[in-house]
Structure formats: C-alpha cells, structure tokens
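Here is the structure we will look at.
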Amino acid sequence: MIKQSITITERNKDWLDAQVASGRFGNVSEVVRALIREHEDRQDSLRAALELGEKSGPSPLRNDERLAWIKAQLNK
C-alpha cells in the first residue's frame, strides 16, 4: 500500500475517530478506504443510470408533466 498524507479539519478528524471508536473500523485508514469504495460505487451506479437514460431516448412527457413526476418521486 501507498502511504498518503492529507490535511483535514478538526471536525473531519473527530468524525473519523468516532467511526473507529464505534468498533466498525480498526483505524482511520480503513474508514477512508471504505469511503472511497462507497464513492466509487455511487459514481458507477450514477454512470449506469445516466447511460440507461440516454439509451431510452427522449421522454414522451412534457416538461410540466416530467416535473410533476419528479416531485412525486421525491415525496415518496
């Protein structure tokens, strides 16, 4: 593994330390690696969703209908 030095805020340090103290992680490096993996997974999921949307073609809905549908999805 490569050793990397970063600068973080006190708030970030406290949060990272709390994650280790919770017992879920053995050290701060494990927390950071988990965060990176989660971020990569979210990016992959978003990329796949965008590709699916592009392949589906234009929406048959008018803009106002699309907006209403989106609002309804957010309120679920």
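The structure displayed is predicted, hence computed values, not measured ones.
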Problem set entry | Closest contact, heavy atoms only, Arg66 versus Asn63 | NH1-OD1, 2.7 Å
Seminar exercise, completed: Looking only at heavy atoms, the pair that brings Gly53 and Ser56 closest together is O-OG, 2.7 Å
Exercise. Can we say Asp41 and Arg37 salt-bridge, meaning some charged N sits less than 4.0 Å from an Asp/Glu carboxylate O?
Worked result: no
For this session: Considering only Ile, Leu, Val, Met, Phe, Trp and Tyr, and joining two whenever side-chain heavy atoms are under 4.5 Å apart, list the other residues clustered with Leu46.
Result: Leu50
Exercise. Which residues pass the side chain to side chain contact (heavy atoms under 4.5 Å, CB included) test with Thr7, sequence neighbours left out?
Worked result: none
For this session: With sequence neighbours left out, write down each residue that passes side chain to side chain contact (heavy atoms under 4.5 Å, CB included) with Glu51, or none if nothing qualifies.
Result: Arg47
Problem set entry | Hydrophobic cluster (4.5 angstrom, side-chain heavy atoms) - remaining members for Ile6 | Ile8, Trp15, Leu16, Val20, Phe25, Val28, Val31, Val32, Leu35, Ile36
Exercise. Listed by chain and number, what are the side chain to side chain contact (heavy atoms under 4.5 Å, CB included) partners of Glu54, not counting sequence neighbours?
Worked result: none
For this session: Identify, with sequence neighbours excluded, every residue that meets side chain to side chain contact (heavy atoms under 4.5 Å, CB included) alongside Arg42.
Result: Glu38, His39
For this session: Ignoring hydrogens and angles, tell me if any N or O in the side chain of Glu30 forms a donor-acceptor pair with the backbone of Gly26 under 3.5 Å.
Result: yes
